[in-house]
Amino acid sequence: MSEEEINNTLARICRVLASIPSGHVVTYGDLAAMAGFPKGARLAGQQLRKLPKDTKLPWHRVINAQGRLSLPEPRASYQRELLQSEGVSFLKGRIDMAKYRWRP
DNA sequence: CCTATGACTGCAA
DNA sequence: TTTGCAGCCATAG
């Protein structure tokens with residue numbers, strides 16, 4: 001891996017993303033911070049948007065700080081299915097952050 | 001170089 | 001609880 005790649009924003013985001021365990025979620029802000037961008041929540045979303053539709057990375061484990069999905073339909077429904085399939089439940093359209101938020 | 005644009009946030013009202 | 005908005009920051013034009 002070239003030095004340029006490990007400093008690439010997307011690569012850093014992906015590395016953290018890949019470490020999120022199934023059944024857990026993180027916020028955009030968390031993802032960015034863990035990748036070295038303390039205030040890069042929007043940046044995280046911008047990078048996730050670049051991922052190919054068929055990526056193997058767990059992009060669906062990233063939700064907003066309100067415990068809601070920030071994706072427009074119909075992607076949001078797909079994301080909700082993926083999360084529910086790995087045990088993350090929704091209550092009144094929201095995810096219980098205290099219960100599922102992942103912190104190393 | 002400068003402005004616009006978001007899969008965002010936290011806080012004030 | 002909901003809404004509005006300034007702050008944020010790499011990217012794109």
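Throughout, protein chains are lettered first and strands after them, A, B, ... in sequence-line order, and every chain is numbered starting at 1.
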Where each residue is assigned the nucleotide of DNA chain C containing its nearest heavy atom, which of K39(A) and L10(A) is assigned the position nearer the 5′ end? K39(A)
A cation-pi test, strictly: NZ or CZ of R75(A) under 6.0 Å from the centre of the six-membered ring of W59(A) and no more than 45 degrees from its axis. Yes or no? yes
Interatomic distance, CD1@I95(A) vs CD1@I63(A), rounded to 0.5 Å, equals 3.5 Å
Please encode protein proximity along nucleotides 6-13 of chain B as a string of B, S and -, counting only heavy-atom distances under 4.0 Å. BBBSS---
Find the distance between OG1 (T55(A)) and NZ (K53(A)) and round it off to the nearest 0.5 Å. 13.0 Å
Quick test of your reading of the model: are R103(A) and D30(A) salt-bridged, counting only N-O distances below 4.0 Å? no
Take atom CZ of R12(A) and atom C1' of dT11(C), then tell me their distance rounded to the nearest Å. 16 Å
Checking S77(A) against E81(A): is there a side-chain donor and acceptor pair closer than 3.5 Å? no
